[in-house]
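As structure tokens, the structure follows; a few thoughts come after it.
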Number of protein chains: 2
Amino acid sequence: MPGHQRHTRQRAAIAGVFEAQGGPLSALEVLKLARAKVPGMGTATVYRALAAMLEEGALTVVHLLGQAPRYELAGKGHHHHFCCRGCGRAFEIEGCAEGVQALAPAGFRVEGHDLVLTGLCPGCVGG
Amino acid sequence: MPGHQRHTRQRAAIAGVFEAQGGPLSALEVLKLARAKVPGMGTATVYRALAAMLEEGALTVVHLLGQAPRYELAGKGHHHHFCCRGCGRAFEIEGCAEGVQALAPAGFRVEGHDLVLTGLCPGCVGG
DNA sequence: ATCAATGCAAAGTCTTTGCAATAGG
DNA sequence: CCTATTGCAAAGACTTTGCATTGAT
């Protein structure tokens with residue numbers, strides 16, 4: 001049975017990290033958190049696990065402006081992100097601007113879009 | 001006169017590249033194009049020139065999903081980008097989805113937004 | 001003559017790949 | 001057993017930095 005996935009401590013730890021943390025995580029953040037459960041886990045293991053989970057649709061990539069790619073559990077539906085310039089954290093935003101893809105000039109085939117709002121989150125607005 | 005900028009062949013070539021090309025360019029794209037005018041130009045020269053131009057406000061950074069940062073001439077007004085998954089190039093898109101910033105939940109102070117459309121450019125749609 | 005700017009090469013960060021050893025099913 | 005997965009270490013891609021030399025003013 002080719003293409004079969006094996007259940008390993010490392011993969012379990014990585015999956016656990018995503019379930020525990022709500023927000024999108026970078027590869028190295030995942031590595032750091034997963035090492036709490038599986039000390040000595042290799043860097044490549046995380047990248048390979050992320051690639052595999054991405055491939056099978058368990059994760060999706062989130063690109064926040066200028067930051068390393070982040071990953072979050074898939075199946076959350078279409079949403080976007082708010083990136084706080086105060087604390088650097090990312091928040092999910094529900095909803096989506098309709099008709100945004102019509103902005104492309106003729107001749108372009110639009111397949112998707114990403115939107116990132118920037119500013120201050122409630123915690124950083126206050127002080 | 002500290003902080004003074006000197007006019008060099010390299011800086012001129014780099015500035016020329018941005019004037020000739022419309023879209024946002026990555027550091028290495030700039031290097032490649034600038035080497036047509038100044039053969040043997042060093043990698044570091046481009047990065048230092050970009051940093052200097054950014055500092056003085058001549059350039060702005062554009063972050064497209066998961067790619068290396070790109071730079072374009074400042075003062076173009078509000079616009080967004082289209083990123084082709086075929087050739088990897090970036091294109092400018094005029095216009096902006098109105099009301100997009102209203103998507104943020106109450107309590108968030110929205111200061112800006114970035115929108116990236118993805119798909120295939122006219123050249124890559126054809127084949 | 002000064003000193004900003006350059007080119008080279010080394011170092012740094014993040015990510016990918018090669019390979020023998022390990023371990024899941 | 002069989003082979004996907006792992007850890008290590010080397011290799012890659014992109015960017016930054018150190019330093020002696022070059023060149024603009």
Side-chain angles (χ1 to χ4, degrees), chain A residues 1-18 24-56 58-72 88 90, chain B residues 1-18 24-56 58-72 83 85 87-90:
Chain A
M1 208 179 283
H4 182 56
Q5 294 268 353
R6 289 183 184 175
H7 182 259
T8 64
R9 280 175 306 134
Q10 292 85 344
R11 303 282 240 244
I14 290 170
V17 162
F18 280 108
L25 301 166
S26 72
L28 295 182
E29 284 170 346
V30 172
L31 175 62
K32 190 181 158 203
L33 292 168
R35 271 184 174 157
K37 283 212 162 187
V38 183
M41 181 152 70
T43 310
T45 298
V46 170
Y47 285 101
R48 283 187 283 231
L50 291 178
M53 295 171 79
L54 219 49
E55 181 94 7
E56 69 182 27
L59 293 182
T60 53
V61 200
V62 180
H63 290 292
L64 301 180
L65 309 183
Q67 298 185 16
R70 288 161 180 278
Y71 305 84
E72 65 183 10
Chain B
M1 210 183 283
H4 181 58
Q5 294 269 352
R6 290 185 184 175
H7 182 260
T8 64
R9 281 173 306 134
Q10 291 84 343
R11 301 290 236 239
I14 291 170
V17 162
F18 280 107
L25 300 166
S26 72
L28 295 183
E29 284 171 345
V30 172
L31 175 62
K32 189 182 159 202
L33 292 169
R35 271 183 172 159
K37 282 212 164 190
V38 183
M41 180 152 72
T43 311
T45 297
V46 169
Y47 285 101
R48 283 187 282 230
L50 291 178
M53 295 172 79
L54 218 49
E55 183 93 7
E56 70 182 28
L59 293 182
T60 52
V61 200
V62 180
H63 290 292
L64 301 181
L65 312 182
Q67 297 187 15
R70 287 161 181 275
Y71 306 84
E72 64 183 9
C83 189
R85 71 164 166 81
C87 59
R89 280 184 299 167

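Protein chains get the first letters and strands the later ones, always in sequence-line order, with residue 1 at the start of each. Given the structure is predicted, the values throughout are model-derived calculations rather than measurements.
- Protein atom CD of B/Gln10 is 14 Å distant from nucleotide atom P of D/dT22, rounded to whole Å.
- The line from CZ of A/Arg48 to OG1 of A/Thr43 is 10.0 Å long, rounded to the nearest 0.5 Å.
- A salt bridge between B/Glu29 and B/Arg89 is absent, with no side-chain N of the basic residue lying under 4.0 Å from a carboxylate O of the acidic one.
- As a whole-Å value, the separation of B/His7 NE2 from D/dG23 P is 15 Å.
- The distance from atom CG of B/Leu50 to atom P of D/dC14 is 15 Å, rounded to the nearest whole Å.
- Expressed to the nearest 0.5 Å, how far CZ of A/Arg11 lies from CE of A/Met41 amounts to 10.5 Å.
- Using a 4.0 Å cut-off, some side-chain N or O of A/Thr45 falls inside it from OP1 or OP2 of D/dG7.
- In terms of position along DNA chain D, the nucleotide closest to A/Arg6 lies nearer the 5' end than the nucleotide closest to the other residue of the pair B/Pro69 and A/Arg6.
- What separates CD of A/Gln5 from C1' of D/dA4 is a distance of 9 Å, to the nearest Å.
- Distances shown here put every side-chain N or O of A/Thr43 at or beyond 4.0 Å from the OP1 or OP2 atom of C/dC14.
- Protein atom CE of A/Met41 is 12 Å distant from nucleotide atom P of D/dC8, rounded to whole Å.
- We find that CD of B/Glu29 is positioned 14 Å from C1' of D/dA13, with the value rounded to whole Å.
- Comparing D/dT6, D/dT15, D/dA24 by their nearest atom to the side chain of B/Leu28 picks out D/dT15.
- When the options A/Val62, A/Leu25, A/Val61 are evaluated for a side chain to side chain contact (heavy atoms under 4.5 Å, CB included) with A/Tyr71, the one that passes is A/Val61.
- Distance B/Tyr47 OH to C/dG7 P: 15 Å, rounded to the nearest Å.
- Counting non-hydrogen atoms under 4.0 angstrom, B/Ala68 reaches the backbone sugars and phosphates but no base.
- Each of A/Arg9 and A/Tyr71 was assigned the nucleotide of DNA chain C with the nearest heavy atom; the assignment lying further toward the 5' end belongs to A/Tyr71.
- Counting non-hydrogen atoms under 4.0 angstrom, A/Arg48 reaches a base of the nucleic acid.
- One can place CZ of A/Arg11 at 9 Å from C1' of D/dT6, the figure rounded to the nearest angstrom.
- A/Ala27 comes within 4.0 angstrom of sugar-phosphate atoms only, judged by non-hydrogen atoms across all strands, and of no base.
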Do B/Leu31 and B/Tyr47 pass the side chain to side chain contact (heavy atoms under 4.5 Å, CB included) test, and can you show the C-alpha distance, the side-chain angles, and the key distance before you say yes or no?
CA-CA 9 Å; B/Leu31 175 62; B/Tyr47 285 101; over 6 Å; no
